[in-house]
Amino acid sequence: MPTVVTVAEEQLRHCLNKALLQAISREELPEGELGAYTIEVPGDRKNGDLATNAAMVSAKAFRCAPRKIADTLVAHIDLTDTYFEKIEVAGPGFINVFLSPLYYADIVCDALNQGDNYGRSDYGAGKKIMVEFVSANPTGPMHMGNARGGALGDCLASVLDAAGYDVWREFYINDAGNQIEKFGLSLEVRYLQHFLGEDQVEMPEDAYHGDDIREHATAFAALYGDKLVNADTQSRRQALIEYALPLNIKKMKADMAKYRIEYDRWFTESTLHNDGELKEIIDILTAKGLTYEKDGALWYKAGEYGEKYQPKKHLNRDGEEEGIKDEVLVRANGNPTYFAADIAYHRNKRQRGFDTLIDVWGADHHGHVARMKGAMDAVGFSGDDLHVVLMQLVRLVRDGEIVRMSKRSGKAIQLSDLLDEVPVDAARFFFNQREANTQMEFDLGLAIEQSSSNPVYYVQYAHARIHSIFRKMKENGVDVISATKEQLCLLTTAEERELIRHLSTLERTVVDCARSYDPSGITRYALELATLFHKFYNACHVSGVEDDLMMARLALCDATRIALKNVLTMMKIDAPESM
C-alpha cells in the first residue's frame with residue numbers, strides 16, 4: 001500500500017505529465033518528454049513543501065529556457081483532487097508546490113490505521129536474507145566488539161524484516177581448528193599447574209592466559225581430581241575441551257539472551273568438518289587449479305577471483321602496489337584454516353537458499369572481504385551476494401576518562417560486564433547511534449543517567465509523556481474519540497506540521513536503512529521524532545483548547561506514540577508507559 005508521501009509524489013508527476021500534453025497540444029511546447037527529473041524537499045520550507053527540477057532538465061529536449069518551460073507547465077496544472085493547494089515557479093525554473101491540510105491529516109490517519117505495522121513495507125518482497133553477526137570465538141568471554149556487533153547485527157535484521165525481507169539470524173561457532181587446539185593446550189597447562197605447580201608446567205606465550213581458562217581448569221580439577229594428570233596428552237586435552245567448551249557456549253547463549261538477541265540457528269564449524277563440506281571446498285578449489293603447496297601447507301590463489309572485489313590497490317611498506325595476498329587453506333600440521341572453513345560455511349549458506357548474505361565483522365577483517373567474495377565466485381556462487389558490514393572499535397569512557405580494565409579478567413571489557421553496569425536499552429541504543437564504520441565512545445555515566453542528556457531516556461520519555469497525556473484526559477473525564485479528517489485539517493501550526501512531516505518518513509527511513517545495511521538511521525529517526533514531539537508539546541496545548549482542535553492534537557499524539565513504539569520495538573528497546 002503506497003504511503004501518503006508516495007501518493008503525493010505520484011500526483012505531482014501526473015499533474016506535470018498532463019500539463020505537458022496540454023501545452024504540446026496547444027503548440028506552446030514542441031513535441032517531447034520531460035527529462036529524468038527529481039522531486040525533493042527544499043532546504044527552506046518557505047519555498048514550498050516539494051520542489052522539482054523537471055523544467056531544468058528538459059531545456060535541451062524542448063529547446064527553450066527552463067523558466068519558460070516551468071511557466072508553461074504551471075499554467076496548465078490542475079491541482080483539483082490532489083494534496084496540493086498552491087504551485088509556483090521560482091528562480092531559473094524550479095517548480096515548487098505547497099501541500100494542503102488534507103495531506104497532513106491523511107499522514108496522521110495512516111499512522112493510526114496501520115498501528116503496529118506503521119513503517120513496515122514489502123520493499124524486500126520476501127527475499128531470503130541471512131544476517132550473521134557476533135560469531136565470537138567460543139574459547140573465551142565475549143568482549144566490547146561483540147557488544148557493538150550484537151546490537152548492530154540484531155537491529156539490522158529487524159530493519160530488514162520491517163522492510164519486507166525474510167530474515168534469518170545466525171551465530172557461527174568456531175568449535176574446530178587451531179583455536180580449539182590452543183584452547184585445549186591452555187586448559188591442560190592450567191589443570192597440570194593446579195596439581196604440579198606453575199613452576200613445573202610453563203604456559204606458552206601464544207596460549208590463552210585469561211582468568212576464565214584458570215577457572216575452568218580449577219572447576220574441572222574439583223570434579224575429576226588428578227586422575228588425568230598421568231593420562232596421555234590427547235585424552236587429557238579432549239576431556240578438558242569437552243568440559244569447558246559447552247560451558248563457554250552456554251554462557252555465550254545466556255549473554256545473547258540477556259542482550260535480547262535470539263538466533264534462528266547456532267551453526268557449529270565442526271558440522272563442516274564432519275559432513276565433508278570442508279573437504280569438498282578444498283577439492284573444488286584444487287580441481288580449478290586455485291591451490292598450490294608451499295612450506296608443507298596448502299595455499300589458495302586468492303587474487304584469481306578476488307582482485308575484482310578489491311576497492312583499491314593495497315600499498316606495501318615501500319609504497320608499492322600489492323595484489324590480494326594468497327591464503328593458507330590447510331596448515332603444515334594438517335589443520336584446515338579459519339579461512340577454508342569460512343568458504344565452506346558461506347557456500348553452505350547459499351546452498352540453504354539464502355539470496356543475500358550479510359556478515360558483521362570487525363574492521364580488522366577488511367582485507368578478508370575481497371578474498372571471501374572472490375572465493376564465492378570460485379565455488380560457484382556470486383560474491384556480489386555477500387555484503388560485509390565492517391565495524392570499528394569502541395572506547396568506553398567514564399567522566400571523560402577511558403575505561404581500560406575489566407573487573408573480572410583485568411584485561412578486556414566483557415559484554416557481561418557492560419550489561420551488569422548499564423541497562424540493555426541503553427546499550428542497544430548507544431551502539432546503534434553511529435554508523436558501523438565509525439569509531440565510537442560509549443559513555444558509561446551517560447548510559448545510566450535519567451535525564452534528557454541520555455538519548456534513550458529522552459526517546460522513552462517522549463513515549464511515556466504521551467501515555468501520561470491520555471491518562472490525564474481520562475482522569476478529567478474527557479472521552480477521547482477518533483478525530484475526523486475535518487478536525488485533523490486543523491493541525492496547521494509549524495510545530496504540528498514539522499512533527500507530521502517527520503512521522504511520514506518512517507517507512508522511507510526503514511527502507512533506506514535496509515538498502516544501506518545501516519540501522520543507525522532508525523536511531524536518528526527516533527531521536528528527531530522525540531525532539532519534535534517535545535517541541536510540539538511545549539508549543540501546542542492539548543487540553544484547554546477548542547474540542548475539535550483538542551481531538552486533532554490527541555490524534556497526533558497517538559500517531560507519534562505509534563511511531564515511537566514501533567521504532568523502539570524494532571530495536572528491542574522498551575517503550576515505557578510511565579517514567
Side-chain angles (χ1 to χ4, degrees), residues 1-107 109-110 119 121-125 127 163-164 489 497-498 500-516 521 525:
M1 180 180 176
T3 64
V4 176
V5 175
T6 303
V7 170
E9 291 180 356
E10 289 304 313
Q11 286 179 351
L12 180 54
R13 293 184 187 278
H14 177 74
C15 287
L16 289 169
N17 291 334
K18 189 175 179 180
L20 175 62
L21 292 176
Q22 290 184 10
I24 292 173
S25 68
R26 296 186 183 186
E27 298 184 350
E28 296 173 5
L29 286 175
E31 289 282 346
E33 296 182 354
L34 294 173
Y37 61 89
T38 59
I39 298 174
E40 57 188 24
V41 177
D44 187 350
R45 288 280 181 174
K46 293 179 181 177
N47 297 326
D49 295 303
L50 292 175
T52 177
N53 62 346
M56 312 285 287
V57 299
S58 304
K60 186 175 181 180
F62 296 116
R63 300 182 296 281
C64 62
R67 178 76 192 209
K68 180 183 177 182
I69 298 171
D71 286 335
T72 303
L73 290 173
V74 168
H76 290 291
I77 284 180
D78 180 9
L79 299 181
T80 305
D81 295 327
T82 71
Y83 281 126
F84 310 114
E85 61 181 4
K86 186 173 70 170
I87 188 165
E88 60 186 27
V89 179
F94 288 104
I95 299 174
N96 298 330
V97 292
F98 296 81
L99 294 160
S100 70
L102 180 62
Y103 172 82
Y104 295 95
D106 277 354
I107 289 171
C109 286
D110 193 28
S121 71
D122 59 0
Y123 171 80
K127 187 177 180 181
C489 284
R497 289 197 164 183
E498 197 175 5
I500 296 170
R501 281 194 292 265
H502 190 65
L503 266 177
S504 72
T505 63
L506 179 53
E507 181 179 314
R508 182 169 293 180
T509 300
V510 171
V511 169
D512 287 346
C513 290
R515 189 186 293 121
S516 63
Y525 174 91

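Every value quoted in this text rests on a predicted model; they were computed, and no experiment measured them.
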Fill in: Heavy-atom closest contact (Cys15 atom, Thr82 atom, distance)
SG-CG2, 4.0 Å
Fill in: Arg501 backbone acceptor or donor facing Ser504 side chain under 3.5 Å
yes
Discussion item. Working note: Val74 + Glu88, criterion side chain to side chain contact (heavy atoms under 4.5 Å, CB included); need CA distance, chi angles, decisive distance, verdict.
Written reply: CA-CA 7 Å; Val74 168; Glu88 60 186 27; over 6 Å; no
Worksheet item: What pair of heavy atoms forms the shortest contact from Arg497 to Leu99, and how long is it?
Response: NH1-O, 4.1 Å
Discussion item. As an exercise, state the distance from CZ of Arg63 to OG of Ser58, rounded to the nearest 0.5 Å.
Written reply: 12.5 Å
Worksheet item: Would you say the side chain of Phe98 lies within less than 4.5 Å of the side chain of Ile87, judging by non-hydrogen atoms?
Response: no
Item to complete: Could you point out which residue of Ile95, Val97, Thr38 forms a side chain to side chain contact (heavy atoms under 4.5 Å, CB included) with Thr52?
Response: Ile95
Worksheet item: Say you draw a straight line from CG of Leu16 to CD1 of Ile77; how long is it, rounded to the nearest 0.5 Å?
Response: 4.5 Å
Worksheet item: Any donor-acceptor pair under 3.5 Å linking the side chain of His502 with the backbone of Tyr525?
Response: yes
Practice prompt. Check Pro92 against Pro66 and note the closest heavy-atom contact, atom names and distance.
Written response: O-CB, 3.5 Å
Worksheet entry | Straight-line distance of Arg67 CZ to Ile69 CD1, nearest 0.5 Å | 12.5 Å
Worksheet item: Using 4.0 Å as the upper bound for N to carboxylate O, is an ion pair formed by Arg515 and Asp512?
Response: yes
Fill in: Heavy-atom pair with the smallest gap, counting every atom of Gly521 and Cys513
CA-SG, 3.6 Å
Discussion item. If you apply the rule side chain to side chain contact (heavy atoms under 4.5 Å, CB included), what do you find for Arg13 with Tyr37, and how did you get there?
Written reply: CA-CA 10 Å; Arg13 293 184 187 278; Tyr37 61 89; 3.2 Å; yes
Discussion item. Using a 6.0 Å cut-off, check whether atom CD of Glu33 has over 12 heavy atoms from anything other than its own residue.
Written reply: no
Worksheet item: Rounded to the nearest 0.5 Å, what separation is found between the CD atom of Gln11 and the NZ atom of Lys18?
Response: 12.0 Å
Worksheet entry | N/O donor-acceptor pair under 3.5 Å between Thr505 side chain and Arg508 backbone | no
Fill in: Minimum heavy-atom distance Pro101-Glu85, with the two atoms named
CD-OE1, 3.6 Å
Worksheet item: Looking only at heavy atoms, what is the nearest atom pair of Gly48 and Asn96, with distance?
Response: CA-CB, 4.4 Å
Worksheet entry | Steps toward side chain to side chain contact (heavy atoms under 4.5 Å, CB included) verdict (Leu29, Cys64) | CA-CA 9 Å; Leu29 286 175; Cys64 62; 4.1 Å; yes
Practice prompt. Let me see the working for Val41 and Leu50 under side chain to side chain contact (heavy atoms under 4.5 Å, CB included), right down to the final yes or no.
Written response: CA-CA 5 Å; Val41 177; Leu50 292 175; 4.2 Å; yes
Worksheet item: For the atom pair CD (Gln22) and CG (Leu20), what is the distance rounded to the nearest 0.5 Å?
Response: 10.0 Å
Worksheet item: Quick one: do the Asp106 and Tyr83 side chains pair a donor with an acceptor below 3.5 Å?
Response: yes
Item to complete: Look at atom CZ of Phe62 and say whether more than 12 heavy atoms of other residues, nucleotides or ligands are closer to it than 6.0 Å.
Response: yes
Worksheet item: With side chains defined as the heavy atoms from C-beta onward, is the minimum distance between Glu10 and Pro2 less than 4.5 Å?
Response: no
